[in-house]
Amino acid sequence: MADLEEQALQAEEKPKKPEKPKKEFVPKSSAGIYLKRYWQLYVLLLIPLVYLFIFKYSPMYYVLIAFKKYSIVQSVSEMPWAKNHGFEYFIKAFQNKDFRYALRNTVFLNLLDILAGFPIPIIFALLLNELRLKFFKKTVQTIAYMPHFLSWVIIYGLALQLFTPTDGLINMLIQKLGGEPIHFLDNANNWVGTYIGLGIWQSFGWNSIIYLAAISGISPELYEAASVDGAGRFQKMWHVTLPCIRPTIVVLLILALGNILGSNFDRPFALQNNLVLKNAEVISTFVYKNGIKGLQFSLTTAVGLFQSIVNVIFLCIANWFSRKMGERGIV
Amino acid sequence: MKKRILSMLLAGIMVVSMAGCESGNGGNAEPTGTGVPDPAEPVTQDTFEGDGSEIEGGNAAELTDGKFAETRKITVEVYDRENDGGSDPTNNMYTDYIKKGMLEDHNVEVEFVSVPRWTEVEEINHLLAANTAPDICLTYDYPTIQTYADMGGVLDLQNLVVDNKNDLPHLWDWLGTTNMYWDKSVKDGTLWAIEGKRANNNRIVTFVRKDWLDTLGLKEPTTTEEFHEMLVAFKDNAKTLLGDDASKMIPFSCSVDVGWRAALLIESKLDPAITDKEFYVNGFDDRKLTQNGTKDALKILNGWYNEGLMWNDFALHKGDTVEDDNMKAGFVGAFMHNWDYPFRNGEDSINANLKRIVGDNAKFVAVDCFEDANGNYTKYCDSTAGDRKIFFPATNDEPLASLLYLDWISDPTHIEYLQIGEEGVNHNTLADGAFTFMPATGEAIMNSGQNIDYTITCNGLHLSTPELTEKSQNNNYPPCDPEDVAKANAVANNGKKPTKNAKITAIEAENGMGESLSSKRDALYDSVLVCKPEEFDATWDQFMDEYLSAGGQAIMTERQAAWEALYGDSVTLE
């Protein structure tokens with residue numbers, strides 16, 4: 001048996017050998033041909049590569065600041081190493097109560113964002129897809145996109161007009177109806193709701209674009225077949241549209257989970273105020289206040305590095321999980 | 001196949017571009033980009049000391065009649081206040097005056113670099129970090145300078161100001177040893193910054209609506225209790241005072257910066273017999289958070305808030321003008337702020353707006369009503385120092401020319417011109433010699449009151465004689481009534497208690513803590529102000545714990561130790 005197998009293996013290997021040089025030969029010549037024929041395109045490719053290198057890769061070198069005692073006048077290589085084998089600032093960060101709060105708030109707010117905010121664009125896209133009046137559909141779509149183009153500073157301005165306890169439109173209405181004003185923005189617990197709500201309002205229209213695109217790629221034959229089988233609108237939505245856009249949903253979910261510790265800066269910074277800091281301070285605002293305003297560059301670089309690493313880990317876990325579930329991953 | 005070629009190509013390009021970048025880096029050392037001389041060189045202390053001795057040695061040869069043989073060039077920071085209708089702070093009538101004067105007197109070319117006033121600390125941080133800071137920098141924030149000095153980013157001025165003393169007569173005359181040496185370290189004699197001088201160290205005053213008092217037949221309050229009764233009266237009579245706008249009534253207005261905007265109330269609760277030592281140990285926070293008595297003051301304020309006497313929305317308005325707009329529109333009954341606040345900004349001042357919008361009688365006047373335990377109206381204020389701190393970043397390779405600039409700008413005749421401008425344009429001279437000022441337009445407009453942004457060593461009107469200054473001071477806020485200004489000035493001066501200099505400059509625990517602790521402090525003040533009265537103590541304790549554990553306690557402990565090391569058992573400064 002063993003002999004037979006060996007023979008079989010040898011037999012298999014044999015025909016490979018003469019092919020090998022051939023295999024190497026083919027790409028070489030075609031590489032030359034490709035380069036020659038399309039060299040302009042490859043030169044064009046240089047531009048984004050240089051961009052990536054200068055703005056994404058070379059700054060990574062400065063991650064070293066997290067392990068060194070920062071000095072404004074020395075280059076990174078000259079700075080002395082921090083105590084505790086360079087981990088002084090990581091230890092400091094985790095001993096820092098504010099950082100722990102910021103970490104907790106970041107995770108909490110991002111999870112809420114995913115829980116409350118993730119399904120909405122999908123539902124919106126599904127509903128929009130069912131509209132048959134083209135003009136109405138386009139109008140709704142455009143209006144829903146619009147908030148995406150407003151900066152958070154402007155949105156905060158709008159929120160003030162609506163939500164301040166004495167002058168806010170909504171609170172004035174509540175008071176006219178005999179109620180007590182609600183502290184939407186200056187009560188720590190209500191603030192979370194306002195923050196999430198404003199986030200959804202700002203982004204659901206824009207986020208639905210990708211789902212609409214996925215939906216438009218579904219073959220009409222599937223719907224026709226479903227009709228023939230006697231499926232109603234809701235059943236078509238459930239059994240055709242949703243399964244067809246499932247890969248898109250999964251990819252976006254992975255990306256969202258990969259950003260669980262990430263936080264954009266302008267949204268929490270614009271919306272927060274002194275009365276809600278215990279729920280509103282997130283890592284990005286913590287880094288801004290302590291690093292850029294407080295000059296603790298090493299500490300905040302350490303925090304930033306930690307944040308990135310956790311994000312990568314989350315991304316990998318989510319990706320692995322989705323593959324386990326039989327979906328395509330992104331990495 | 002294609003993939004493999006592509007990836008090989010990508011890798012190749014990566015290597016090539018990396019090599020390209022590295023050689024670029026080698027020539028430049030740091031990615032600074034601007035025309036600053038190679039930052040690797042002049043930045044290190046050693047090289048600088050070499051430069052310094054060169055200056056000392058070649059001083060006489062370098063200057064003839066105070067002039068350089070070759071034209072030198074320096075850059076100077078100037079605040080940009082972004083006023084409506086203001087002029088370019090780096091290029092206007094006054095900068096031309098300075099540039100011309102410096103070129104004629106010292107053969108030094110001056111270029112101004114504007115830094116936004118309200119984000120000055122962040123901006124100067126960016127400039128310093130990028131090695132592009134102006135040769136002469138200023139900031140109100142000493143810890144920033146200390147932090148950069150510790151990193152070796154600031155020039156030590158000690159030898160420079162002493163060795164060149166003969167060339168700097170005006171600077172030494174005007175600032176004197178007090179301000180020149182205010183920040184000098186007792187430990188190692190380093191001097192990282194020179195303190196600009198306050199010609200006027202008035203601080204905070206309480207303002208109330210005079211016309212409302214008159215309408216309700218009330219007297220000006222003279223005690224905290226009377227002030228409270230007045231607020232209640234404003235609230236109860238909102239209909240009479242504001243008519244249809246009664247719901248917009250704000251008896252007492254305060255911003256997120258409670259420590260500033262209720263300062264007199266807080267200070268009145270401090271123990272009048274507080275020792276210099278105790279004041280210093282608790283002195284890191286300039287809003288007196290940990291001083292004795294502050295909690296009592298906040299408790300009173302919390303009571304007022306819960307009685308509906310204060311502005312509900314204050315916490316939400318960060319850095320916008322809504323509060324000022326409320327004052328201008330006439331909805332506010334009383335507030336505390338800088339002693340000249342309602343008179344600032346000419347036609348756009350609060351009092352001028354009130355007159356226009358509400359009526360001829362409507363105006364804020366200063367009152368003195370927060371008495372301390374002894375019945376005095378103590379007002380803690382800065383000494384003549386404590387204004388802007390001037391420092392030279394390590395990238396400054398013209399320290400002598402920069403010092404000559406400071407000297408030139410401290411010359412009384414130059415200060416006077418910059419403060420009063422042109423006859424007939426910015427001011428008129430009265431029969432008794434005093435000046436009356438008028439709002440200028442166009443080129444002659446001053447972006448800051450009395451051009452303080454240019455007179456960096458001097459804050460406050462400083463004319464040839466003190467009498468002239470006092471007389472002119474009151475005319476300095478057209479179109480506001482000079483009598484109102486005089487009264488605010490008198491109130492501000494009543495019970496003034498200037499800060500003493502403990503001469504302890506570097507407290508290690510303070511490094512980098514300023515921002516995070518002051519934001520904690522504001523969070524504490526704001527939170528205890530709005531909480532329910534029964535939750536006051538718990539809220540105070542919770543936030544105070546956080547403040548102390550986040551570094552507040554460490555600072556106090558180190559301050560105490562530093563004091564005891566320097567003064568032993570003594571608890572008072574001379």
- Query: Taking atom OH of A/Tyr38 as the centre, does the number of heavy atoms from other residues, nucleotides or ligands within less than 6.0 Å exceed 12?
  - Reply: no
- Query: Heavy-atom distance under 4.5 Å to chain A: side chain of B/Thr119, backbone, both or neither?
  - Reply: neither
- Message: Going by side chain to side chain contact (heavy atoms under 4.5 Å, CB included), B/Leu316 matches just one of A/Leu271, A/Asn274, A/Leu160. Which one?
- Response: A/Leu160
- Item | Rounded distance [0.5 Å steps], CG in A/Leu277 versus NZ in B/Lys520 | 8.0 Å
- Backbone of B/Met151 reached by a side-chain donor or acceptor of A/Ser71 within 3.5 Å: yes
- A/Glu180 CD: over 12 foreign heavy atoms closer than 6.0 Å: no
- Please flag which part of A/Tyr70 lies under 4.5 Å from any non-hydrogen atom of chain B: side chain, backbone, both or neither. both
- With a cut-off of 6.0 Å (strictly less than), are more than 12 heavy atoms of other residues, nucleotides or ligands near CG of A/Asn189? yes
- Note on the structure: Cut-off 4.5 Å, heavy atoms of chain B, and the answer for A/Tyr288 is side chain
- Is atom CD of B/Glu508 surrounded by more than 12 heavy atoms (other residues, nucleotides or ligands) closer than 6.0 Å? no
- Charged N-O contact under 4.0 Å between B/Lys248 and A/Asp167: no
- Item | Proximity breakdown for B/Asp320 and chain A, heavy-atom pairs closer than 4.5 Å | side chain
- Task: Report yes or no: is the cationic atom of A/Lys278 (NZ for Lys, CZ for Arg) under 6.0 Å from the centre of the six-membered ring of B/Phe543, at an angle within 45° of the ring normal?
- Result: no
- Message: For the interface with chain A, which of B/Asp522, B/Thr147, B/Asp526, B/Asp313 has the highest count of heavy-atom pairs at distances below 4.5 Å?
- Response: B/Asp313
- Query: Do other residues, nucleotides or ligands put more than 12 heavy atoms under 6.0 Å from B/Tyr140 OH?
  - Reply: yes
- Task: Return the minimal non-hydrogen interatomic distance between A/Phe269 and B/Lys318, and the atom names on each side.
- Result: O-NZ, 3.3 Å
- Could you check B/Ser516 against A/Lys289 for side-chain contact (heavy atoms from CB on, under 4.5 Å), going step by step and ending with a plain yes or no? CA-CA 7 Å; B/Ser516 77; A/Lys289 284 178 192 165; over 6 Å; no
- Part of A/Tyr61 lying under 4.5 Å from any heavy atom of chain B: neither
- Message: Which residue in the set A/Asp186, A/Asn187, A/Leu275 passes side chain to side chain contact (heavy atoms under 4.5 Å, CB included) when paired with B/Val530?
- Response: A/Leu275
